[in-house]
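First up is the structure itself, then whatever we jot down about it.
Values below: all heavy atoms of this structure, side chains included; hydrogens, waters and symmetry mates excluded. Here is the naming used below: chain letters follow the sequence lines, and residue numbers restart at 1 for every chain. This structure is a prediction, so every number in the text was calculated from the model and none was measured.
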Amino acid sequence: MHPMGWDSFGMPAENAAKQNNLDPKTWTESNISKMKVQLKKLGLSIDWDREISTCSEEYYKHQQKFFLELYKKKLVYRKENYVNWDPVDQTVLANEQVIDGKGWRSGAVVERKKLNQWFFNISKFSDDLLESLNQLDKWPKKVKLMQKNWIGKSFGCEINFKIEGALPIKRIKCFTTRPDTLFGFSFLAVSIDHEIAKFYEKDKDFIKFKDECSKSGTTEESIAVGEKIGFKTDLLAINPVDPSKKVPVYFANFVLMDYGFGAVFGCPAHDQRDFDFAKKYNLEIKTVVKPKEEDDTFTVKEKAFSDDGVIINSDFLNGLEAPNNSVPETIKILETRKIGKKLITFRLKDWGVSRQRYWGCPIPIAYDEEGNEYPIPDDMLPVKLPKNIDLNVKGNPLDHQKNWKEIIIDGKRLTRETDTLDTFVCSSWYYLRFCSPTEKNYGYTKKDIDYWMPVDQYIGGIEHAILHLLYSRFFMRALAFENENFNITEPFEDLFTQGMVCHETYKDPEDNWVSPDEIEVVNGEKRLRINNKIKITVGPSESMSKSKKNTIDPEKIIEDYGADSARLFILSDSPPEKDVQWSEEGISSSYKFIQKLWNLHLKFEDEISKKHKKDSSENILKFTNLFIKKIENYLENFSYNVIIASMHEMYNFFIKELNNEYTKETLYENYIKILTVISPIIPHYTSETLELLKYKNNLSWPLYNEDILIEDSVNIVVQINGKKRGLLTLNKNLSEEMIFEEIQKDEKLSKYISGPIKNKIYIQNKLMNLIL
RNA sequence: GGGGCGAUGGCGGAAUUGGUAGACGCGCUGGUCUUAGGAACCAGUCGAGCAAUCGGUGAAGGUUCGAGUCCUUUUCGCCCUACCA
């Protein structure tokens, strides 16, 4: 099954519709039909009976059902969460839409805002998602590693610090992977969102501090360059291993609420962040780990020491090897003393799926005035998007649809959820839909998915290494949870990550992007075709995108060179996992090769029409059989560029070989086989030539005959002292002695044998190495 | 800061298990045919050398009869990730 679907919800459609005053549905559907024409012209073997589009009601109604199923299983929930808020566009921005702390569209300084958001409980499956990576033995290591890091399992320990001070705060819990540095404890820092913040809500200085923190945004980038700042409370934390030591408690901007407990214990000598913070606020920097080669007087001065070492200045921990021995040992001691306990945390957070957008799948939930949640009943599904709405409003257009928002369930007046689902939800289960594309009652049927799933071979860009692939793996687990009829956990058995098609980028002197169509080459310089032929600057080759105007129109390529030239070029030079550089020379050389193949075809036809008597079929049989074998291998290994190279070799072989005499039958049979195995690469060409040859049968993959490939003679590499000195073409399976005799007979080789032979290394039919 | 991947001619890149390095294409050089060619065809194309030969897969070392391939160190490049406690 080779299906095609359209991931058709999302911002690009909504934005384009906004700009051109169109309905997103109309815009999307017209784009789909254009692309469909192009894909068909390229001759891709897509099963169009299984076509799906995620923005169709037929698709998203099942998604809403899934959503409610997960809701029942408590795998979906709503909570307040901080988001990147664009105050001008009145919308939530994803992290990647925040550039230098500003909204990518409005340029407004992005704020941190608390919003009620829907979440999928992906973290429930953290361990399973991590452990099961081991079973995915056909996935690239790189992708598995990226997922592993993303899930981010870390082993450590929770420590519940006793707090002293005027406020009713008795304890603060911290997570640490380095409990062994507890004797270096010199401050405790909590997130500004930590529960103790409620005691400071009215403190003017704290409000000011919080403001400063929120200005720096929530993006990783802005945090990375941001300075470490803190707000000192009048609380003191007691060191549980040395109760005489009491250290200050700070709010700090570098502590994140959603990792661990939103509180850290500061050990400046052995953590760079803590070190920077301690320097700024003049806190104690006590060295408790030394490098192995140093003595106990070692002290940390310029920067934190976080390499492996030995514990010092730490009472009962002294002398332990850090961190491999010291961490488990410390945890054991802390556990017996009831100070802390072993804890595993994950970096993976629950998946926020709420989007304040129109063009997405509506979330099938309604609320009463108190904000209680009511799932939309099954007979009222799907929740359809309203039509003919005004997109040019502040915030979420759905929020402005009074009529649509109101709904009565069981006589109760309720208000609909106006957020729509992240489009990654749509792509998390579409492969199930491909199995049962027309099933009305449910997203799939058990019979169909039992037959088809899991996906044998998944192909996608590396950009999906984490999110899409992880969400899909989660979605299968979520559907399987408390569901005996669903046995799939891993959707994709084999994964191949392909590269993209890239093109140089061009800019005119005013810094506007220029499309390759607008350019001509004059005396080796690239200039604008119109507008006084101004010289343009050539930028780096990047993946084709409309925003950079470095795209090539596939229709024009097909018109100028034909679909097969385009297919040939895309596959020819680079291996498929790498990016391809689009070039005029490249496509034209592919075009020329098809012309050459055509000349070869004419020669074949000519030879087939002649009446040869003699048949020296051996060469041609050998070549064809080997060719089939090679192509089979390369296809299986995705070595498409090597297939194209072999096709060139095939041309070079036959264009000469056809000067020899062959019978009609030999020529015809072998040529058909050749055309068959190259037909996946250039189907239009082979279809045409097969028709001209009056070949009427359906094509089936030819079997090669291994016996024909067995050679009688073989090339033996002759090495003297490991250095290659020559080649001998000899009969197969000769003994070591016989080969040695041949070497001695050969003048060119024997002249190197100047002394007694100490050793002979013989690899049968391959190599003889003589050691003097 | 942490992690990963990679480095082979002028270029894109080949090279099952360690066993003829540079397949194939682009580009370039020379030639043939042409009024012309940016078409087609033929020959050549890792470097040095007239040659025999010698050197050569980022660098240095190691294992091995034998290393582009395995190990150690190192340089450079790319990618991912990041106040993750």
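- Residue K751(A) places at least one side-chain N or O closer than 4.0 Å to OP1 or OP2 of U53(B).
- Computed from coordinates, the K758(A) NZ to G66(B) P distance equals 12 Å when rounded to whole Å.
- What separates CD1 of I462(A) from P of C78(B) is a distance of 18 Å, to the nearest Å.
- A donor-acceptor pair shorter than 3.5 Å can be found between the side chains of Q272(A) and D276(A).
- Using a 4.0 Å heavy-atom distance criterion, V580(A) is classed as making no nucleic acid contact.
- Residue K141(A) is out of contact with every strand shown, counting any heavy-atom pair closer than 4.0 Å.
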Strictly under 4.0 angstrom, non-hydrogen atoms only: write out the protein contact profile of nucleotides 11-21 of chain B, one letter per nucleotide from the 5' end, B, S or -. -BSS--B-BBS
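- Of all nucleotides listed (A85(B), A82(B), A39(B)), A85(B) comes nearest to the side chain of V264(A).
- Atom NZ of K228(A) and atom C1' of A82(B) are 11 Å apart (whole Å).
- For K656(A), no side-chain nitrogen or oxygen approaches OP1 or OP2 of C41(B) to under 4.0 Å.
- Across G30(B) and U35(B), the matching C1' atoms stand 23 Å from one another, rounded to whole Å.
- Taking atom CG of N149(A) as the reference point, atom C1' of C79(B) lies 13 Å away to the nearest angstrom.
- For the pair K228(A) and F277(A), the cation does not sit on the ring face, since its NZ or CZ is not both under 6.0 Å from the ring centre and inside 45° of the axis.
- For K748(A) and D746(A), the salt-bridge test fails: no basic side-chain N is under 4.0 Å from an acidic carboxylate O.
- C79(B) sits 37 Å from U45(B) when the P atoms are compared, rounded to a whole Å.
- For G9(B), the base adopts the syn conformation, since its glycosidic angle falls within 90 degrees of zero.
- Comparing the P positions of G61(B) and A23(B) gives a spacing of 29 Å, expressed to the nearest Å.
- If you check every strand for non-hydrogen atoms under 4.0 Å, K760(A) touches nothing.
- Picking from C65(B), C41(B), G25(B) the nucleotide with the shortest atom distance to the side chain of Y651(A) gives C41(B).
- Residue R273(A) places at least one side-chain N or O closer than 4.0 Å to OP1 or OP2 of C84(B).
- Using a 4.0 Å heavy-atom cutoff across all strands shown, K144(A) reaches no nucleic acid atom at all.
- The nucleotide whose nearest atom lies closest to any side-chain atom of F254(A) is, among G55(B), C83(B), A23(B), C83(B).
- To the nearest 0.5 angstrom, L256(A) atom CG is 10.0 Å from Y259(A) atom OH.
- Heavy-atom contacts from other residues, nucleotides or ligands closer than 6.0 Å to NZ of K279(A) number 12 or fewer.
- When the C1' atom is compared between U63(B) and C71(B), the two are found 7 Å apart, to the nearest whole Å.
- Between L469(A) atom CG and C80(B) atom C1' there is a gap of 15 Å when expressed in whole angstrom units.
- If you check distances only, the side chain of K142(A) never reaches the base of C5(B) with a donor-acceptor pair under 3.5 Å.
- Comparing I771(A) and D307(A) against RNA chain B, the residue whose closest nucleotide sits nearer the 5' end is D307(A).
- By the 6.0 Å and 45° rule, K342(A) does not stack over the aromatic ring of F155(A).
- If I229(A) and K723(A) are placed on RNA chain B by their nearest nucleotide, the residue sitting closer to the 5' end is K723(A).
- Within 4.0 Å (heavy atoms only), Y752(A) reaches sugar-phosphate atoms of the nucleic acid but no base atom.
- Going from the P atom of U72(B) to that of G55(B) covers 28 Å, rounded to whole Å.
- A side-chain N or O of T729(A) and one of N715(A) form a donor-acceptor pair less than 3.5 Å apart.
- Remark: RNA chain B takes part in the stems B:1-7 with B:75-81, B:10-12 with B:24-26, B:27-32 with B:40-45, B:46-48 with B:53-55, B:58-62 with B:70-74, each of 3 or more antiparallel Watson-Crick or G-U pairs, criterion distances under 3.5 Å.
- The gap from the P atom of A14(B) to that of U34(B) amounts to 42 Å, rounded to the nearest Å.
- Counting heavy-atom neighbours within 6.0 Å of K341(A) NZ, excluding the residue itself, gives a total of 12 or less.
- The closest side-chain donor-acceptor pair between S123(A) and D350(A) falls under 3.5 angstrom.
- For the C1' atoms, the distance linking G18(B) with U69(B) amounts to 6 Å, nearest Å.
- Side-chain atoms of F175(A) lie closest to A85(B) of the nucleotides C83(B), A85(B), A82(B).
- The CD-P distance, from Q272(A) to C84(B), rounds to 11 Å in whole Å.
- Rounded to a whole Å, the CH2 atom of W150(A) is 19 Å from the P atom of G4(B).
- Taking side-chain N and O atoms only, R725(A) has no distance below 4.0 Å to OP1 or OP2 of U53(B).
- Using bins of under 30°, 30° to 60° and over 60° for the plane-to-plane angle, the ring pair H468(A)/F424(A) lands in the parallel bin.
- Using a 3.5 Å distance cut-off with no hydrogens or angles, the side chains of N660(A) and E657(A) do pair a donor with an acceptor.
- Rounded to whole Å, the separation between the C1' atoms of U75(B) and A60(B) comes to 11 Å.
- If you take CD1 of I716(A) and P of C65(B), they are 21 Å apart, rounded to a whole angstrom.
- With H270(A) contributing its side chain and V289(A) its backbone, the two residues share a donor-acceptor pair below 3.5 Å.
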